[in-house]
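For reference, the structure discussed in these notes is given below.
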Amino acid sequence: LSWMAQFEEVMRQQLESSMDTEMDKLLNTATGADREVCRKDFAGFKNLFHRFLQVKGPSVEWIKIQRPPEDSIQPYDKISARGLPNNVANSLNKLVVVKLNGGLGTSMGCKGPKSLISVRNENTFLDLTVQQIEHLNKTYNTDVPLVLMNSFNTDEDTKKILQKYTHHRVKIHTFNQSRYPRINKESLLPVAKNLSMTGQSADGWYPPGHGDIYASFYNSGLLDQLITQGKEYIFVSNIDNLGATVDLNILHHLVSQPNGKRCEFVMEVTDKTRADVKGGTLIQYEGKLRLLEIAQVPKAHVDEFKSVSKFKIFNTNNLWISLPAIKRLQEQNAMDMEIIVNPKTLDGGLNVIQLETAVGAAIKCFDNALGINVPRSRFLPVKTTSDLLLVMSNLYSLDAGSLTMSPKREFPTTPHVKLGSSFTKVQEYLTRFESIPDMLELDHLTVSGDVTFGKNVSLKGTVIIIANHGDRIDIPAGSMLENKIVSGNLRILDH
């Protein structure tokens, strides 16, 4: 070793040793059952930190990236063309639905878990999920359970609300994501001084991204419990993706594979549009199917990554994963996911980093992994009030918790909606619409500034409404706007 490499190795060891000391101090402030949970969490963090210190440069060499082989990403039509067997119930009884429920509604101006925001006819994300699975269980006389992966941010509020589903035909389990310490960007040591989640120390902790599902699911004991009950696959998705419903064709494809060729991991991908240029994509790398995220792409290649021509598909984060395979990989300590370094600035101005992983990045660890190119309708995430407007409108109809595009819409693409900053928060957004406009024939809507909509407004083609600073535009009740640009000032006052 050169003296430089030796020096780096010594520095690494010192950093790890300081981290161990600090983590032990924190652990010593824990008591009772809490201590054992923290011990497991901290072991996971130390492992991540160790890997973080080893990593040199980008995790992929651009030159080694290849397009996935033809048969590694199958079109959904090919999977569904096989048809379903008579005993769909047998397949369903091997399934567990897992929803990622760690996120808060802060980006949409809401307090508490995002899953408790109302999206349609007073139904929340969680209500719709429960209705979907209950409908499956009643239709096929099965027992598909729902598992929620909560974080310390969402656990308490979620558990309170779960009581309302006690008489529904769905068993609901929860487990908690790990709790990892944020580290100071300069010293690389934890910023928290104790385990408290209130006051000064609250800012010192974070849930480490959804890649944490494997370890926390395994550590919770729930994984073993479900395997004992004869469950074989989990269907994992973000709770805010309203398109992620249980798909019987994909499930049948999984359970009907011959034993030696059992597919342990399916990632649902869909064709990229201009709106999806930042989404992770599947590549072939060193002989394995692998997820490539924008954060891993060297600066010089970001434009190439975003191009729709080279990387045609992106990851919807709807994943089907073998339970026994998760158990095996956890026990062999063989789950290898790229580390995402997420820089944050705390309220006091302190720069910290969060080490995170993504659930889909583990695809390269599983045997016979497969991408399935699904219709766009399976990717309907609600990240903003612009998305919320689409799913609340007559573009979609709601049936047993599932949203489907209205047959009255002539072409299946969703309109492009951009609502300005006056609409960011859900409460504000709701006060600006007396009723949700008819959007069946809309292609594009841009709204900026202080704009309100009266009852029964109809929007068609491309509609752009811009109220300049200090102006206000009230779209009158019953208006029909088709390919119109509205600007200036239009006030309608009660007489």
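Values reported hereafter were calculated over all heavy atoms of this structure, with side chains retained and with hydrogens, waters and symmetry mates removed.
Closest non-hydrogen pair, F305 versus V297, comes out as CD1-CG2, 3.6 Å. A358 and E293 get closest at one heavy-atom pair: CB-OE2, 4.0 Å. Shortest non-hydrogen contact noted between F235 and T245 is CE2-O, 3.5 Å. The shortest heavy-atom contact between S422 and R432 is O-NE, 3.2 Å. Heavy-atom minimum distance, K288 versus D367: NZ-OD1, 4.4 Å. Across L481 and V463, no two heavy atoms sit closer than the pair O-CG2, 3.6 Å.
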Pairs under 3.5 angstrom only: tabulate donor-acceptor contacts from the side chains of residues 385-394 to other protein residues two or more places apart or in another chain.
residue : atom : partner : partner atom : Å
T385    : OG1  : F423    : O            : 2.8
S386    : OG   : L419    : N            : 3.1
D387    : OD2  : K383    : N            : 2.8
D387    : OD2  : T384    : N            : 3.2
D387    : OD2  : T384    : OG1          : 3.3
S393    : OG   : L390    : O            : 2.7
S393    : OG   : L395    : N            : 3.1
N394    : OD1  : M439    : N            : 3.0
N394    : ND2  : D438    : OD1          : 3.1

Please list, one pair per line, the donor and acceptor atoms closer than 3.5 Å that link side chains of residues 103-115 to other protein atoms, with sequence neighbours excluded.
residue : atom : partner : partner atom : Å
K114    : NZ   : D240    : OD2          : 2.8
K114    : NZ   : V382    : O            : 2.7
S115    : OG   : N101    : OD1          : 2.7

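In this structure, E304 and I65 have side chains that are not in contact, with every pair of non-hydrogen atoms separated by 4.5 Å or more. Between S377 and M405, every side-chain heavy-atom pair lies at or beyond the 4.5 Å cut-off. Counting only heavy atoms from C-beta outward, the side chains of V60 and R290 approach each other to under 4.5 Å. Residues N333 and N47 form a side-chain contact, since some pair of their non-hydrogen atoms from C-beta on lies under 4.5 Å apart. By the 4.5 Å heavy-atom criterion applied to side chains, D247 and R378 are counted as neighbours. The shortest distance between side-chain heavy atoms of L148 and T129 does not fall below 4.5 Å. At a threshold of 4.5 Å between non-hydrogen side-chain atoms, the residues M149 and F217 do not count as touching.
Sequence neighbours left out, the pairs with a member in residues 402-421 that pass ring-ring contact (aromatic ring centres under 6.0 Å, His included) are H416-H444. Residue pairs meeting the salt bridge (charged side-chain N to carboxylate O under 4.0 Å, His left out) criterion with at least one member in residues 124-138, sequence neighbours excluded, are D127-K164, E134-K138. Here salt bridge (charged side-chain N to carboxylate O under 4.0 Å, His left out) pairs that include residues 210-226, with residues two or more places apart or in two chains, are D224-K327. Residue pairs that meet the ring-ring contact (aromatic ring centres under 6.0 Å, His included) test with at least one member in residues 69-94, sequence neighbours left out, do not exist here. Pairs engaging residues 256-276 under the ring-ring contact (aromatic ring centres under 6.0 Å, His included) rule: F265-F366 [sequence neighbours left out].
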Checklist entry - Should R376 and D276 be marked as a salt bridge (Lys or Arg N to Asp or Glu O under 4.0 Å) after you check the CA-CA gap, both sets of side-chain angles, and the distance that decides it? => result CA-CA 11 Å; R376 179 75 187 197; D276 316 304; 2.6 Å; yes
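Y165 pairs by the ring pair (Phe, Tyr, Trp, His ring centres under 6.0 Å) definition with H168, not counting sequence neighbours. In this view, A81 satisfies the side chain to side chain contact (heavy atoms under 4.5 Å, CB included) rule with no residue, not counting sequence neighbours. Under the rule for a side chain to side chain contact (heavy atoms under 4.5 Å, CB included), E410 has no partner lying at least two apart in sequence or in another chain. With sequence neighbours excluded, the residues forming a side chain to side chain contact (heavy atoms under 4.5 Å, CB included) with H253 are I79, R82, Q257, L370, listed by chain and number. Evaluation of the side chain to side chain contact (heavy atoms under 4.5 Å, CB included) rule for D271 yields I313, N373 as partners, not counting sequence neighbours.
In this structure, CD in Q66 is found 10.5 Å from OH in Y285, a value given to the nearest 0.5 Å. Atom-to-atom distance recorded for E428:CD and T424:OG1 is 7.0 Å, nearest 0.5 angstrom. Summarising the geometry, atom CD belonging to Q132 is positioned 8.0 Å from atom CG belonging to L242; distances are rounded to the nearest 0.5 Å.
Results of the side-chain contact (heavy atoms from CB on, under 4.5 Å) test with F453 over S435, P437, S479, P476 single out P437 as the only residue that passes. P208 pairs in a side-chain contact (heavy atoms from CB on, under 4.5 Å) with only one of the listed residues (S178, P181, S216, S151), which is S178.
Neither side chain, N317 nor N241, offers a donor N or O lying under 3.5 Å from an acceptor on the other. No hydrogens or angles considered: nothing links the side chains of N342 and R182 as a donor-acceptor pair under 3.5 Å.
The ring of Y214 has its center no closer than 6.0 angstrom to the ring center of Y218.
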